[in-house]
Protein chains: 2
Amino acid sequence: MASRTDTKTRILDAAEKLFAERGFSETSLRLITSKAEVNLASVNYHFGSKKELIRAVLARYLDVFMPSASIEINRLHLAPEHASLNEIFSALIKPLLELNKVRNGGTIIFLQLLGRGYIESQGHLRWFITTHYGEHLATFVKAVAASAPHIPQAEMFWRLHFTLGTIVFTMASADALNEIAAADYGEHNNTEAIIRKVIPYMAAGVAVPVLTN
Amino acid sequence: MASRTDTKTRILDAAEKLFAERGFSETSLRLITSKAEVNLASVNYHFGSKKELIRAVLARYLDVFMPSASIEINRLHLAPEHASLNEIFSALIKPLLELNKVRNGGTIIFLQLLGRGYIESQGHLRWFITTHYGEHLATFVKAVAASAPHIPQAEMFWRLHFTLGTIVFTMASADALNEIAAADYGEHNNTEAIIRKVIPYMAAGVAVPVLTN
DNA sequence: GTCTATAGCCGGATAGAC
DNA sequence: GTCTATCCGGCTATAGAC
């Protein structure tokens with residue numbers, strides 16, 4: 001009976017929080033191990049290198065989120081003629097919020113990690129996700145395409161990446177934006193409120209007719 | 001008659017390109033000065049520190065873009081009842097593309113710097129821009145608000161930041177996305193083509209009615 | 001204004017005792 | 001598995017000659 005958490009888990013827990021807040025390259029192993037209250041050398045013992053620690057942090061979230069998202073999309077897909085874009089995006093809310101049950105602030109940490117990863121890793125993360133979770137992604141992309149059949153495939157490719165940018169940038173800036181919104185408008189939004197604000201924005205953008213000029 | 005460019009300018013030119021490609025913290029002064037073919041110590045002589053170099057790089061673009069954008073928006077504003085959101089966003093195309101005349105690839109470099117800056121600087125860039133270019137920003141925000149009067153002010157705050165995220169993330173990933181689009185769909189988009197794709201997406205999202213549930 | 005040389009620090013990673 | 005001690009490379013910044 002352990003009186004404290006596994007060293008490996010302690011490292012992952014401390015690392016994901018710091019990575020999400022500060023970015024990968026701005027977070028040193030020394031900072032991680034001191035917050036985790038473990039020895040500096042234990043990172044290399046358990047993970048081999050900082051790069052592999054980063055992958056382990058991301059995989060721990062993706063392994064929970066991706067299958068869960070897939071299931072929710074497939075549930076809609078049973079009656080595909082009724083699934084609007086808003087419904088498809090909204091189907092991701094539950095898998096996202098369930099990450100909060102896995103760990104405190106899990107939802108926002110996951111989305112921030114995703115954004116940091118895409119921007120810092122020069123394409124490595126995109127490769128990692130499509131090769132490891134490609135089938136789950138395909139489920140999602142197919143559902144979106146079916147509910148917006150007037151959008152050509154190539155255009156949809158761009159719009160889904162616009163969508164990814166919208167949400168990950170928003171989440172990377174969420175703390176700062178929340179502070180401003182509180183000061184200027186008296187609003188107090190949690191992560192779920194922000195997600196619910198951004199979904200109509202993304203759904204409208206994805207579905208807007210292509211200009212024919 | 002100088003046979004080569006000013007040292008200060010050579011540093012700025014090399015730095016902005018590397019900052020845009022790799023991010024600020026991933027770009028060392030050693031890399032900048034070797035690409036610029038100037039002495040390492042000259043950065044500190046001309047700019048004082050790396051942080052001030054970053055600000056100088058950003059200011060060189062903002063000083064061109066912001067007044068130019070303001071002028072274009074005001075030109076629309078003479079007949080405000082006719083300015084749709086699409087027209088307002090499209091009015092920024094000319095100022096953005098003029099950055100390409102200032103320097104090769106200026107448009108995309110600027111937008112990538114903006115994205116990197118917002119994400120890496122933990123709010124410092126937001127403060128810098130609003131305090132130094134607040135009046136130009138206000139012109140833009142007022143025009144948008146006038147053309148979408150059904151959106152409450154607080155909601156518009158969020159949507160404009162969604163929009164910022166959409167475009168800067170897209171531009172930060174533009175090279176990778178272009179490669180995929182070329183391989184998968186035979187598309188060959190330049191920066192302008194991407195901007196013209198993203199504007200309808202953003203305009204639709206900003207204007208979509210707020211849910212009343 | 002430009003150079004060399006170097007100070008001083010912090011980073012990831014590892015050797016080897018326990 | 002965990003620890004201390006250390007290597008070694010890269011970083012920003014600066015001193016001081018020219």
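Letters A, B, ... are given to chains in the order of the sequence lines, protein chains preceding strands, and every chain is numbered from 1.
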> Are a donor atom and an acceptor atom from the side chains of Asn190(A) and Glu192(A) found within less than 3.5 Å of each other?
Replying inline: no

Tabulate protein N/O versus nucleotide N/O from nucleotides 5-10 of chain C, keeping only pairs under 3.5 Å, one per line.
none

Roughly, in whole Å, what's the span from [atom1] in [X] to [atom2] in [N]?
| X | N | atom1 | atom2 | answer |
| --- | --- | --- | --- | --- |
| Glu37(A) | dT2(D) | CD | P | 14 Å |
| Leu29(A) | dT14(C) | CG | C1' | 13 Å |
| Ile11(A) | dG1(D) | CD1 | C1' | 11 Å |
| Phe47(B) | dT14(D) | CZ | P | 16 Å |
| Asn44(A) | dC8(D) | CG | P | 17 Å |

>> For Phe169(A) together with Phe169(B), are the ring centres under 6.0 Å from each other?
In response: no

> Is the count of non-hydrogen atoms from other residues, nucleotides or ligands lying under 6.0 Å from Glu87(B) atom CD greater than 12?
Replying inline: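 Yes, CD of Glu87(B) has more than 12 neighbouring heavy atoms, counting only those of other groups under 6.0 Å.
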
> Under 30°, 30 to 60°, or over 60°: which ring-plane class applies to Tyr185(A) and Phe157(B), parallel, tilted or perpendicular?
Replying inline: tilted

>> Does the plane of the ring in Phe89(B) sit parallel, tilted or perpendicular to the ring in Phe140(B)? Use 30° and 60° as the thresholds.
In response: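 The arrangement is tilted - the two ring planes meet at 30° to 60°.
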
> Within the structure, does a side-chain N or O atom of Ser42(A) lie under 4.0 Å from either OP1 or OP2 of dG1(D)?
Replying inline: no

> Is any side-chain nitrogen or oxygen of Ser49(A) closer than 4.0 Å to OP1 or OP2 of dG12(C)?
Replying inline: no

>> Nearest to the His46(A) side chain among dA13(D), dT2(D), dG12(C), which nucleotide is it?
In response: dT2(D)

> Given the rule in the side chain to side chain contact (heavy atoms under 4.5 Å, CB included) test, do Val64(A) and Glu98(A) qualify, once you have shown the distances and angles that lead to the verdict?
Replying inline: CA-CA 9 Å; Val64(A) 174; Glu98(A) 270 169 2; over 6 Å; no

